[in-house]
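Working notes, beginning with the structure itself.
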There are 2 protein chains.
Amino acid sequence: MAETADESFGGVTPDAARRLLLGAVDAFAERGFHATTTRDIAGRAGMSPAALYIHYRTKEELLYQISRVGHERSVVILQEAAAVEGGVADRLDFAVRTFVRWHAEHHTTARVVQYELSALEDGHYAEIVSMRRRTEEVLRGLLEDGVAAGEFTVSDVRGTAVAVLSLCIDVARWYRPGGPRTPEEIGALYAGLVLRMVGAPVPVAD
Amino acid sequence: MAETADESFGGVTPDAARRLLLGAVDAFAERGFHATTTRDIAGRAGMSPAALYIHYRTKEELLYQISRVGHERSVVILQEAAAVEGGVADRLDFAVRTFVRWHAEHHTTARVVQYELSALEDGHYAEIVSMRRRTEEVLRGLLEDGVAAGEFTVSDVRGTAVAVLSLCIDVARWYRPGGPRTPEEIGALYAGLVLRMVGAPVPVAD
DNA sequence: GTCTATAAGCCGATAGAC
DNA sequence: GTCTATCGGCTTATAGAC
């Protein structure tokens, strides 16, 4: 069903390693890590099962690479969007818009990144969790800035940041490419909802 | 880690079948369906692996029963809460508050119910999906009522209903019992956030 | 209804030829 | 670096005693 070539992994070399990684992304997103076989992954890359072990030590290492690169990408996307010029409401608007659009456009990668974490080895899991904390901190920082500037009214900054994050990442779970809304439209809708959640003054129309 | 005896399955008989079901809920919530072995489930119920097959034909049937009963319970919870006496803002407030609290209090069951669907057989999957539609319809109905009453301002009712649902069910993913907020507190916070999302007039304080 | 024992098959990973 | 062939182990599910 899904075979989104994902530019997040464009830099992976050699070619065979990248094809295996992309095959793993699609397979993990469709069936989940544990239901995916190494035969399936290798088959999607047009290779034999044994070839996988030339490029990756274990199946889990594939998931780890996907999680690591995917999280790096998503946190950079969010950080850069949150750092645009402008008032804090505009920055939150753009951050949510961009982050949501990424989760829709890269829903295959995002689904693995967000929902297959528990299959990681302990050490890898800990590393990824610390990357996720950075994502939450960016969002929390925006809310704190808005409250400090008197533009947002938020009683529980930490809890609200969690809620905003839920909204954004859950897009990866339900989004389907043929749906009635484009990633851009979902991003715009969600940015508006989040501005309301933080009590930002309403722009103009609705 | 989790061994929440869940009253959702209190009516399951005989006793051994219920113990197996509760063991499966905990195991599926911890590791996921595919990573859980029948030995693990049977062990949690204090039985041998073979005993499982006296009460359930397959491992998938356990997941199906959990999904079916869990969805029935959660949709009833939401429907009843959405039907309380009062204005539409109060009904939405109470519905979100109750639905969120259920997802926190029954996070083990809810995690399986919300995030292990893809492991169901095609026929079972279709049945569960149709139950999920009812949940979405209740929420959408509330938003439509609020717009019709002039109490809510929502540009995209369907999209906003999806967003509200995301917020609620994602609680089951991140909630941990020892956290800083009680289920009741999370429900109250989220109900407030949702009222803002739909443009309901602010009650009083914040 | 529950047990012990085991069948039948699939899985992750490796060996060794090319 | 990729293949074919295969190992050892674990899985779901069943057989048959009690």
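Values in this document were obtained by computation on a predicted structure and should not be read as measured data. Chain letters run A, B, ... following the sequence lines, proteins first and then strands; every chain starts at 1. Below, each value reflects all heavy atoms present in this structure, side chains not excepted, and no hydrogens, waters or symmetry copies.
Note: Phe99(B) and His103(B) have perpendicular aromatic rings, judged against thresholds of 30 and 60 degrees for the angle between ring planes.
Taking a cutoff of 4.0 Å between a charged side-chain nitrogen and a carboxylate oxygen, Asp170(B) and Arg173(A) do not qualify as a salt bridge. Between Glu136(A) and Arg132(A), none of the side-chain N atoms (NZ, or NE/NH1/NH2) sits under 4.0 Å from a carboxylate O, so this pair counts as no salt bridge. Between Arg91(B) and Glu151(B) no salt bridge is recorded (no basic side-chain N to carboxylate O distance below 4.0 Å).
In this model, the phosphate group of dT2(C) is approached by a side-chain N or O of His55(B) to a distance below 4.0 Å at OP1 or OP2. Listed pair Tyr53(A) / dA13(C) meets the phosphate criterion, a side-chain N or O lying under 4.0 Å from OP1 or OP2. Phosphate contact (OP1/OP2 of dG12(C), side-chain N/O of Thr38(A), threshold under 4.0 Å): present.
Computed from coordinates, the Leu62(B) CG to dT12(D) P distance equals 11 Å when rounded to whole Å. With rounding to whole Å, Glu61(B) atom CD is found 10 Å from dA13(D) atom P. His34(A) has its NE2 atom 16 Å from the P atom of dC10(D), to the nearest Å. Residue Arg31(A) contributes atom CZ, which lies 15 Å from atom C1' of dC11(C) at whole-angstrom precision. Across the protein-nucleic acid pair, Asp15(B) atom CG and dG1(C) atom C1' stand 13 Å apart, rounded to whole Å. Note: CZ (Arg57(B)) to C1' (dT14(D)) measures 16 Å, nearest angstrom. The OH atom of Tyr56(A) sits 16 Å away from the P atom of dG12(C) (whole-angstrom rounding).
Picking from dT12(D), dG12(C), dC3(C) the nucleotide with the shortest atom distance to the side chain of Ala51(B) gives dC3(C). Picking from dG1(C), dT4(D), dA5(C) the nucleotide with the shortest atom distance to the side chain of Ala50(B) gives dA5(C). Closest contact between the side chain of Ile54(A) and the listed nucleotides dT2(C), dT2(D), dG12(C) involves dT2(D). Listed candidates were dT11(D), dA13(C), dT2(C). Nearest to the side chain of Arg39(A) is dA13(C). Ranking dA13(D), dT2(D), dA13(C) by closeness to the Lys59(B) side chain, first place goes to dA13(D).
Heavy atoms of Ser48(A) sit under 4.0 angstrom from at least one base atom.
Within 6.0 Å of CZ on Arg19(A) lie more than 12 heavy atoms contributed by other residues, nucleotides or ligands.
DNA chain D is contacted by both Phe33(B) and Met47(A); Met47(A) maps to the nucleotide lying nearer its 5′ end (nearest heavy atom per residue).
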